[in-house]
Amino acid sequence: QERLAESGGGSVQPGGSLRLSCAASQYMTRANYIGWFRQAPGKAREAVALISTGGGHKWVHYSNEDRFAISLDTATDIVYLQLTKLKTDDTAVYFCAAGRSFSIRPEDLAYWGQGTQVTVTF
């Protein structure tokens with residue numbers, strides 16, 4: 001089963017933190033960009049953070065860089081999304097995604113995980 005695999009979601013209180021993980025070893029040769037999207041109920045899927053997979057300087061895109069951080073562990077090919085100071089509006093299903101070209105449009109990324117639920121609530 002060649003799909004991205006997310007983990008780390010859960011329920012936290014506002015102000016809390018979560019770290020999401022995405023096992024992406026099978027996509028390192030197929031994708032130049034990997035990262036995270038999220039989709040809240042009734043809302044469109046939106047980009048959260050993306051990072052380049054190749055060598056050299058990393059190119060990173062953030063939607064909320066003050067609170068979110070993406071990283072790629074090249075030893076394990078695991079992509080992390082550190083979510084801090086979480087707000088109720090961050091509640092969504094978070095998806096790991098990858099593609100050959102950079103895009104913040106979900107339809108442009110070819111590879112997806114099943115999603116992991118992040119719920120921020122009192």
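Please read all numbers here as calculations on a predicted model, not as lab measurements.
Listed by first and then second residue, the disulfide bond (SG atoms under 2.5 Å apart) pairs involving residues 57-94 amount to none (not counting sequence neighbours). Screening residues 109-119 for salt bridge (Lys or Arg N to Asp or Glu O under 4.0 Å) gives no qualifying pairs among residues at least two apart or on separate chains. Sorted by first and then second residue, the salt bridge (Lys or Arg N to Asp or Glu O under 4.0 Å) pairs involving residues 39-51 (not counting sequence neighbours) are R38-E46. Residue pairs meeting the salt bridge (Lys or Arg N to Asp or Glu O under 4.0 Å) criterion with at least one member in residues 69-88, sequence neighbours excluded, do not occur.
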Please step through side-chain contact (heavy atoms from CB on, under 4.5 Å) for the pair V118 and L18, ending with a clear verdict. CA-CA 8 Å; V118 171; L18 285 172; 3.8 Å; yes
Hey, mind stepping through F102 and N32 against side-chain contact (heavy atoms from CB on, under 4.5 Å) and telling me if it holds? CA-CA 8 Å; F102 171 79; N32 293 317; over 6 Å; no
Could you check T53 against T74 for side-chain contact (heavy atoms from CB on, under 4.5 Å), going step by step and ending with a plain yes or no? CA-CA 9 Å; T53 61; T74 56; over 6 Å; no
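For T91 (side chain) and V120 (main-chain N/O), a donor-acceptor pair under 3.5 Å exists by modelled atom type.
Take Y111 and apply the ring pair (Phe, Tyr, Trp, His ring centres under 6.0 Å) test, not counting sequence neighbours, and it matches Y27. With sequence neighbours excluded, the residues forming a side chain to side chain donor-acceptor pair (under 3.5 Å) with D108 are S103, R105, listed by chain and number. Partners of Y62 by ring pair (Phe, Tyr, Trp, His ring centres under 6.0 Å), not counting sequence neighbours: none found. In this view, R19 satisfies the side chain to side chain donor-acceptor pair (under 3.5 Å) rule with no residue, not counting sequence neighbours. Evaluation of the ring pair (Phe, Tyr, Trp, His ring centres under 6.0 Å) rule for F68 yields no partner, not counting sequence neighbours. For the ring pair (Phe, Tyr, Trp, His ring centres under 6.0 Å) test, residues two or more places apart in sequence or in another chain that qualify with F37 are W112. In this view, Q82 satisfies the side chain to side chain donor-acceptor pair (under 3.5 Å) rule with no residue, not counting sequence neighbours.
Interatomic distance, CG of L72 versus CD1 of I78, reported as 9.5 Å (0.5 Å rounding). Between atom CG of residue L109 and atom CD of residue E107 there is a gap of 9.0 Å, rounded to the nearest 0.5 Å.
When the options T84, T88, D90 are evaluated for a side chain to side chain contact (heavy atoms under 4.5 Å, CB included) with L86, the one that passes is D90.
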Ignoring hydrogens and angles, write down the donor-acceptor pairs under 3.5 Å from the side chains of residues 5-14, residues two or more places apart or on other chains.
from : atom 1 : to   : atom 2 : distance (Å)
E6   : OE1    : Q114 : N      : 3.1
E6   : OE1    : G115 : N      : 3.0
E6   : OE2    : C96  : N      : 2.8
E6   : OE2    : G115 : N      : 3.1

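Between A92 and A40, the shortest heavy-atom distance links the atoms CB-N, 3.7 Å. When every heavy atom of Q26 is checked against every heavy atom of R30, the shortest pair comes out as O-NH2, 2.6 Å.
When the side chains of ILVMFWY residues are joined at heavy-atom separations under 4.5 Å, either directly or via intervening members, Y80 and I34 end up in two distinct hydrophobic clusters.
Aromatic ring centres of W36 and F95: separated by at least 6.0 Å.
Residues I51 and Y33 have side chains not in contact (no heavy-atom distance under 4.5 Å, counting atoms from C-beta outward). In this structure, I104 and L50 have side chains that are in contact, with non-hydrogen atoms separated by less than 4.5 Å.
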